[in-house]
Amino acid sequence: MVWNDDTVERLKKLWADGLTTGDIGKQLGVSKNAVVGKAHRLGLKARPSPIKRTKKEKDEKIRSVVDLKADSCRWPIGDPRHPNFHFCGKTAIPGKPYCSEHAQIAYVSSSRVREEEPAPAAPAATAPAQGAEPASES
DNA sequence: CCCTGATTCGC
DNA sequence: GCGAATCAGG
């Protein structure tokens, strides 16, 4: 490996960028040892071993049932497998997991459902009352 | 055992 | 000075 100013600069860049020695080595075409060794000699280094890109990524992806209030209507909207799946969220009837509107649909008198009303994925009768667990991302 | 970085040591 | 081998932490 020829450590000219250019390569050294790239090394420092990648190193500062939070890349692991292995990744830097791949991008520079050298082994991780070469990277670590050079970094050591350059003076820079001293990073926690399993350095992780603690940057962004992640976050604001798992949200749906998690932020439901105790009185939020749990009527499912959309496909549970779809990222945009959510719940009605409107204020539910005290003691019930659905708002008045959806409660009518959920608690059909003679097990008969309105034709245009989709059956709830999680029936209120069997769904956990206030402890709805976020089962997304599984 | 996998990963990581740190240090050693022959070249 | 270089980096594979080796060591050590997680």
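We name chains A, B, ... by the order of the sequence lines, and we start the count at 1 in each one.
Taking atom CG on Leu14(A) and atom C1' on dG5(B), their separation rounds to 16 Å, with Å as the unit. Regarding Leu19(A), its CG atom lies at a distance of 13 Å from the C1' atom of dT4(B), rounded to whole Å. Atom-to-atom, CZ of Arg41(A) to C1' of dC9(B) comes out at 11 Å; the value is rounded to the nearest Å.
Side-chain contact between Lys38(A) and Thr7(A): absent, with no pair of heavy atoms (C-beta onward) separated by less than 4.5 Å.
The aromatic rings of Trp75(A) and His102(A) sit parallel to each other, their planes meeting at less than 30°, with 60° as the upper class boundary.
Looking at Asn4(A), its side chain does come within 3.5 Å of a backbone N or O of Asp6(A) through a donor-acceptor pair.
By the side chain to side chain contact (heavy atoms under 4.5 Å, CB included) test, Lys12(A) is found to be paired with Val8(A), Leu42(A), Leu44(A), residues two or more places apart in sequence or in another chain being considered. Shown here are the side-chain hydrogen bond (donor to acceptor under 3.5 Å, both in side chains) partners of Ser31(A), two or more places apart in sequence or in another chain: there are none.
Of the residues in residues 25-35 of chain A, those placing a heavy atom less than 4.0 Å from an atom of DNA chain C are Ser31(A), Asn33(A), Ala34(A), in numerical order.
For the pair Thr21(A) and dT4(B), the criterion of a side-chain N or O lying under 4.0 Å from OP1 or OP2 is not met. Side-chain nitrogen and oxygen atoms of Trp3(A) include at least one within less than 4.0 Å of the OP1 or OP2 phosphate oxygen of dG3(C). Regarding contacts with the backbone of dT7(B), a side-chain N or O of His40(A) is found under 4.0 angstrom from either OP1 or OP2. Remark: Lys38(A) is not in phosphate contact with dG3(C), judged by side-chain N or O atoms under 4.0 Å from OP1 or OP2.
The shortest heavy-atom contact between Phe87(A) and Ile77(A) is C-CG1, 3.9 Å.
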